[in-house]
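Report on the following structure.
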2 protein chains.
Amino acid sequence: MDRGEIQGAPKNFEALRALILERRRELPKRLAQVAAFALDNPDEIAFGTAASIATDAEVQPSTLVRFSQTFGFDGFSALQAVFRARLRERNSSYEDRLVELEGGDAVAAGSAAILNSFVGAAHRSLDNLSAAIDPQKFESASRLLASAGTIHLIARRRSYPIATYMAYALSQLKIRCQIAGTASGIDDDLLALADEGDAAFAVSFSGYAPETVAQASALAARGIPVVSLTDSAFSPLAECSTIWFELVEADHAGFRSLSASMAFAMALAVAIAEERRRA
Amino acid sequence: MDRGEIQGAPKNFEALRALILERRRELPKRLAQVAAFALDNPDEIAFGTAASIATDAEVQPSTLVRFSQTFGFDGFSALQAVFRARLRERNSSYEDRLVELEGGDAVAAGSAAILNSFVGAAHRSLDNLSAAIDPQKFESASRLLASAGTIHLIARRRSYPIATYMAYALSQLKIRCQIAGTASGIDDDLLALADEGDAAFAVSFSGYAPETVAQASALAARGIPVVSLTDSAFSPLAECSTIWFELVEADHAGFRSLSASMAFAMALAVAIAEERRRA
DNA sequence: TTTCTGATGGAACAGAAATTCTATATTTGA
DNA sequence: TCAAATATAGAATTTCTGTTCCATCAGAAA
């Protein structure tokens, strides 16, 4: 064909996206900047004006035009049309796609089904969370932990990631904390150093790791307040805790989601920081 | 209030829609015509220009302006903004629920608001997840990792909890894995022992911990396949990965949720086990 | 170094956009 | 039926948008 030399101008978003990713390396600096912005903020491209997008992406409007032409479009408007088409299509078919996914599950491979199932479980867990957590108790817990000198985080096995996340978040927020969850025997020694002004946050779900329970009650016996997150009122953790929260995670084939516990932990970390800031 | 006579200008689509329906009868002929067109073709309103919409709706452009002003907007553009906002937000089915929740927040205390906000962010992240992950790529990833002798888990800082969770889940599933994420210098030594039959799973989000990137590319350079989870197509991780997934987590006040990443990690672990069982 | 190639920034331009204005038409109320 | 009020169409206006063009700049090649 006579106009064959103009290769690009993909007319659907996915093709464009693939093309951008493919040629990402060879793009000059500013065009690469536009590429990154475009893929990260597709909605902006769809709705914004060349000027507003240029401002947001910190380039000149002319750069947008050049970018578009680099990919075979006539001008910026033609490229924008692709981003808009994507929004139109996605909207009309979003629900359908979900249904397709679910319908396809039975037929199609197991992996996708597993992923969907976990997503579903996570959603359910989160809904549970909002329903199960008493805001006032949450408030008290964050206040209690905010007043602590050091927060000791006690968790093992499945709950251990929650403690590692809180350790990360709390240090980011400049709140002193100490994690007790490694297999090494030094945990008990570290906890033995816990001060009167300290507090602890313990997490344990059924199957209850014995070390977690032992450490939490040891601290409680010494008068150190313990806040805990567990999944049953009959949990041994509940007995020795000043404040405790019951949170049941939904599961897929026995593998319990951690999404709600994570959301809880994140919120607690930030709430503690808020309390401190206010005080 | 003194400016009470200007009632309208609803700022979200649902409110506008309700208002239009309510006042539909009392509208003059041409304005009613616009009302019908707007509710029947909301996408047109969002994307079109005043002129093109006027043509489609068989009215004058000025009629569109008058219509907008009738409902309390400054001009047509302000009304169009509402139609566009709707398109942007439509992705998440939990949007409505969030609004409700946030409505209650104003009343409730600060801590509870923080908790709700994190729950909302987690829901949104999960919706993102289903939309963003390509099932086939997920399938390939789990197959690739299933065929590995040992799976090396590489993550730091915020992503570290994800690796600790996977380490837990994989060992439960009797799949050999090795975590590389501690501050100690032994990680590199352990990774140096990685076998040809091994594979790696790396997680890093913007802010990209340099050790994670360095270790992942070192493994890739030695021909060891790397599957990674990151938040941008421009992540340095994407470059050196055999398969990579892009997943953007929603956030509350800058604290990004981990819920979707967690769900992904859990699903991946189980999917790997499934693959192995089948093989 | 010097030269050359190509990327970049920014101003200028042409055109299209939204909005306003006004004469005309239509409805409303007595 | 008539007048007053309101709605409408279409032109006029003004604002803003996408694009182009060109001088400058950075980096590669000679």
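Sequence lines set the chain letters: A, B, ... in the order given, protein chains first and strands last, and positions in each chain run from 1. Just so you know, these numbers use all the heavy atoms, side chains as well, and skip hydrogens, waters and symmetry mates. Just so you know, these numbers come straight off a predicted model, no measurement behind them.
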Notebook entry, point to check: Between atom CD1 in B:I53 and atom P in C:dT19, what is the gap in whole Å?
Noted result: 11 Å

Checklist line | Atom-pair distance (CZ on A:R30; C1' on C:dA7), nearest Å | finding: 10 Å

Check: Is any side-chain heavy atom of A:Y165 closer than 4.5 Å to a side-chain heavy atom of A:M262?
Finding: yes

Item checked: Separation of atom CZ in B:F76 from atom C1' in C:dA17, rounded to whole Å -> 11 Å

Notebook entry, point to check: C:dT28 C1' sits how many Å from B:K29 NZ, rounded?
Noted result: 17 Å

Next item on the list: Specify the separation, in whole Å, of atom CD of B:E26 and atom P of C:dT28.
Entry: 13 Å

Note to self: Given D:dA9, C:dT19, D:dT17, identify the nucleotide with an atom nearest to the side chain of B:P61.
What the structure shows: C:dT19

Notebook entry, point to check: Within the distance-only criterion (no hydrogens, no angle test), does the side chain of B:D231 pair as donor or acceptor with the backbone N or O of B:F205 below 3.5 angstrom?
Noted result: no

Margin query: Mind checking if B:L31 touches a base, just sugar-phosphate, or nothing, with heavy atoms under 4.0 Å?
Written below: sugar-phosphate

Check: What is the distance, rounded to the nearest whole Å, between atom CD of B:Q33 and atom P of D:dA7?
Finding: 16 Å

Checklist line | Separation of atom CZ in A:F67 from atom P in C:dT8, rounded to whole Å | finding: 12 Å

Next item on the list: For A:V59 and for B:G48, find the nucleotide of DNA chain C with the closest heavy atom, then tell me which residue's nucleotide is more 5'.
Entry: A:V59

Check: Can you tell me if CG on B:D74 sees more than 12 non-hydrogen neighbours from other groups inside 6.0 Å?
Finding: no

Next item on the list: Say whether B:Q69 and B:R66, considering side chains only, have a donor N or O and an acceptor N or O under 3.5 Å apart.
Entry: no

Next item on the list: Mark yes or no for a side-chain to base donor-acceptor pair under 3.5 Å between A:S77 and D:dG18, with no hydrogen or angle criteria applied.
Entry: no

Check: Where do B:A200 and B:I224 come nearest, in terms of heavy atoms and distance?
Finding: N-CG2, 4.4 Å

Check: Within less than 4.0 Å of OP1 or OP2 of D:dT8, is there a side-chain N or O belonging to B:R66?
Finding: yes

Next item on the list: Looking only at side-chain atoms of B:P28, point me to the closest of D:dA7, C:dT20, C:dG9.
Entry: D:dA7

Check: Taking the side chain of B:Q69 as its heavy atoms from C-beta onward, which of D:dG18, D:dC21, C:dT20 lies nearest to it?
Finding: C:dT20

Check: OP1 or OP2 of C:dT8 sitting under 4.0 Å from any side-chain N/O of A:Q60?
Finding: no

Note to self: Nearest whole Å is fine: how far is C:dT20 P from B:L64 CG?
What the structure shows: 13 Å

Next item on the list: Spell out yes or no: do the side chain of A:S62 and the base of D:dG18 have one donor N/O and one acceptor N/O closer than 3.5 Å?
Entry: no

